[in-house]
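Attaching a single structure in structure tokens format; questions to follow.
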Amino acid sequence: MATPSLSFSRPTFAKLSPHPYLLTNLSPQSPSTKPSRTNGRAPHEARPVQIHTSSLSHAHGSALVRSGNTTVVCGVRAEILPVTNIPQYRPRSSLQPSSTTTSDDDDAADRAELKTYDLLVPNIELATGCAPQFLPGVPPSSLAQTLSTRVYSLLHSCGVVDPKSLRIWHDPSTETKNPDESMQVDDNDEDDEAEPPQLMAYWVLYIDLLFVSFDGNPFDAAWTAVMAALRDTKLPAARWDPDRGMAICSRTKKNPLDVSRGGLPVACTAAVFQEKEYAEAGGLGGENRHWILLDPDRLEESLCRETVTMVVDCGEGETRIRSVEKLGGTVIGRELMRGFVGVAEKRWSEVREAMK
């Protein structure tokens, strides 16, 4: 008869004592053994990203992003909003449909235009069954609302979408005139200036995200899905018909959404795991070692009280930091933040390759 084992299996140990279990993996007794996490990754190793676009047939743009066991689907649906339905609408005299040059003032006005008229509407839903803590029949969780707010803020601060591609114009010069009327035009009328184009409506982009599976680091996955779906979005060619008082869309011609001006911002998140548990950190003296865990999973997030998210864009041969968010703790200071830029640059390259 076999002697019963007095030790727990690895999955049981992880459930009963998650903090000691992760600490044991990160600080092995043998010097030849490299620190690793419970999922086998090194502390600075992120989960590979898989991106599939055009997954939804009834959306103008869509993407499915999977990072480990975190899976999110993003769909972009566009609707037409006439300017007469905007209570606070104020026409800008400098707008031109063919304008290609931009200045700092125009760029600021464009960003204000997107935000004032609510032309970008993100919404995130954590589906029932994606993780044990999300139950059916309950209001949206605080996490879903926080993620939606962060995505909304980053969309506007980075200027991802060019508002020129969301404008629908009425150009009187392109309308065909009645031949009988054209014969009665005087020579003096030829010198008159043609009526300028008028901005009549906007495309409003509803960006809906659904987490099918949730295993930590939701913001990075959500933001990657948003960028992939926007780059996949194609809007029907539209013009304003004054006789019908509505926009007419082409059934065959579609124009890609212009997201080139915003570049490719990529989010990179890391969590700080401390040797002492949160309840013991303030009561025990001595050294309190810590590890920076890149792309934390759900278990690691529950054990960490300090996180940092950096959004970088490494296009055009230089690295631009578009956003930095830090939550809790005092471990990550200026020196660690400078070193984290290199980690974010590597993550940017991985996401860019996945989007190709």
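Numbers here simply count residues along the sequence, with the first being 1.
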For Trp223 and Pro265, indicate whether the former's side chain and the latter's backbone hold a donor-acceptor pair under 3.5 Å.
yes
Between the side chain of Asn25 and the main-chain N/O of Tyr21, is any donor-acceptor distance below 3.5 Å?
yes
With salt bridge (charged side-chain N to carboxylate O under 4.0 Å, His left out) as the criterion, how do Glu113 and Arg167 come out once you've worked through the C-alpha distance, each side chain's angles and the decisive distance to 0.1 Å?
CA-CA 11 Å; Glu113 181 182 12; Arg167 298 168 183 160; 2.7 Å; yes
Begin from the C-alpha positions of Arg244 and Met246 and carry the test side chain to side chain contact (heavy atoms under 4.5 Å, CB included) through to its verdict.
CA-CA 5 Å; Arg244 302 183 186 180; Met246 60 184 298; 3.6 Å; yes
In terms of heavy-atom contacts, Trp203 and Cys249 come closest through CH2-SG, 3.8 Å
Does Asp313 reach the main-chain N or O of Leu264 with its side chain, forming a donor-acceptor pair under 3.5 Å?
yes
With side chain to side chain contact (heavy atoms under 4.5 Å, CB included) as the criterion, how do Leu205 and Leu166 come out once you've worked through the C-alpha distance, each side chain's angles and the decisive distance to 0.1 Å?
CA-CA 9 Å; Leu205 302 183; Leu166 302 180; 4.0 Å; yes
Using a 4.5 Å cut-off on heavy atoms from C-beta on, say whether the side chain of Phe273 contacts that of Leu303.
yes
Could you check whether any side-chain N or O of Gln145 sits under 3.5 Å from a backbone N or O of Pro140, counting only pairs where one atom can act as donor and the other as acceptor?
yes
With a 4.5 Å heavy-atom cut-off, do Tyr206 and Val76 have their side chains touching?
no
What is the minimum heavy-atom distance between Arg47 and Thr70, and which atoms define it?
NH1-OG1, 3.9 Å
How about Asp297 and Asn39: does a side-chain donor come under 3.5 Å of a side-chain acceptor?
yes
Only residue of Val83, Asn85, Thr84 satisfying side chain to side chain contact (heavy atoms under 4.5 Å, CB included) with Leu81 is Asn85
Are any non-hydrogen side-chain atoms of Arg305 and Gln274 less than 4.5 angstrom apart?
no
Tell me if the NZ atom of Lys326 is crowded by more than 12 foreign heavy atoms within 6.0 Å.
yes
I need the minimum non-hydrogen distance between Pro20 and Ser17, along with the two atoms involved.
CD-O, 3.4 Å
If you look at every heavy atom in Val341 and Met310, which pair is closest and at what distance?
CG2-SD, 3.8 Å
Residue pair Thr269 / Thr309, side-chain donor-acceptor N/O under 3.5 Å:
yes
Hey, quick one: are Val324 and Val343 part of the same hydrophobic cluster, counting side-chain heavy atoms closer than 4.5 Å, chains of contacts allowed?
yes
Take the angle between the ring planes of Tyr117 and Tyr89 and call it parallel below 30°, perpendicular above 60°, tilted in between.
tilted
As a quick check of understanding, evaluate side chain to side chain contact (heavy atoms under 4.5 Å, CB included) for Tyr152 and Asn123, giving each step before the final call.
CA-CA 9 Å; Tyr152 175 84; Asn123 180 60; over 6 Å; no
How about His44 and Ile292: do any of their side-chain heavy atoms sit closer than 4.5 Å?
yes
With side chains defined as the heavy atoms from C-beta onward, is the minimum distance between Asn217 and Asp220 less than 4.5 Å?
yes
Does one hydrophobic cluster hold both Leu143 and Leu299, with members joined at side-chain heavy-atom distances below 4.5 Å?
no
Could you grab the distance from atom OG of Ser36 to atom CZ of Arg41, nearest 0.5 Å is fine?
11.0 Å
Do the side chain of Thr319 and the main chain of Cys314 share a donor and acceptor less than 3.5 angstrom apart?
no
Distance from Arg66 atom CZ to Ser213 atom OG, nearest 0.5 Å?
7.0 Å
Got His60 and Arg77 here, is their nearest side-chain heavy-atom distance under 4.5 Å?
yes
If we only count heavy atoms from C-beta on, is the Lys234 to Asn255 side-chain gap below 4.5 Å?
no
Please give me the minimum heavy-atom distance between Val272 and His290, naming the atom from each residue.
CG1-CB, 4.0 Å
Should Ile168 and Leu235 be counted in the same cluster of Ile, Leu, Val, Met, Phe, Trp and Tyr side chains packed under 4.5 Å apart?
yes
I want to check a possible cation-pi pair here: Arg150 against Phe219, using under 6.0 Å from ring centre and within 45° of the ring axis as the test.
yes
Is there a side-chain contact between Trp240 and Pro82, using heavy atoms and a 4.5 Å cut-off?
yes
With rounding to the nearest 0.5 angstrom, report the CG to OG1 distance, Leu154 to Thr149.
12.5 Å
As a quick check of understanding, evaluate side chain to side chain contact (heavy atoms under 4.5 Å, CB included) for Ile332 and Met337, giving each step before the final call.
CA-CA 7 Å; Ile332 299 181; Met337 197 69 75; 3.8 Å; yes
Pair Glu45 + Arg37: basic N to acidic O under 4.0 Å:
no
Calculate, to the nearest 0.5 Å, the distance between atoms CE and CH2 belonging to Met200 and Trp169 respectively.
11.0 Å
Closest heavy-atom contact between Glu306 and Gly328?
CG-O, 2.8 Å
Same cluster for Ile51 and Val73 if Ile/Leu/Val/Met/Phe/Trp/Tyr side chains link at under 4.5 Å?
no
Under the 3.5 angstrom rule, does the side chain of Ser62 hit a backbone N or O of Gly75 as a donor-acceptor pair?
no
Can Ser54 and Asp232 be counted as having a side-chain donor-acceptor contact under 3.5 angstrom?
yes
Distance in Å, Thr233 OG1 paired with Ile207 CD1, rounded so as to fall on 0.5 Å steps
7.5 Å
Check this for me, if you would: do Arg298 and Glu301 make a salt bridge, where the nitrogen-to-carboxylate-oxygen distance has to be below 4.0 angstrom?
no
Grouping I, L, V, M, F, W and Y whenever their side-chain heavy atoms are under 4.5 Å apart, do Val151 and Leu126 come out in a common cluster?
yes
So how far is it from Cys268 SG to Asp295 CG, rounded to the nearest 0.5 Å?
8.0 Å
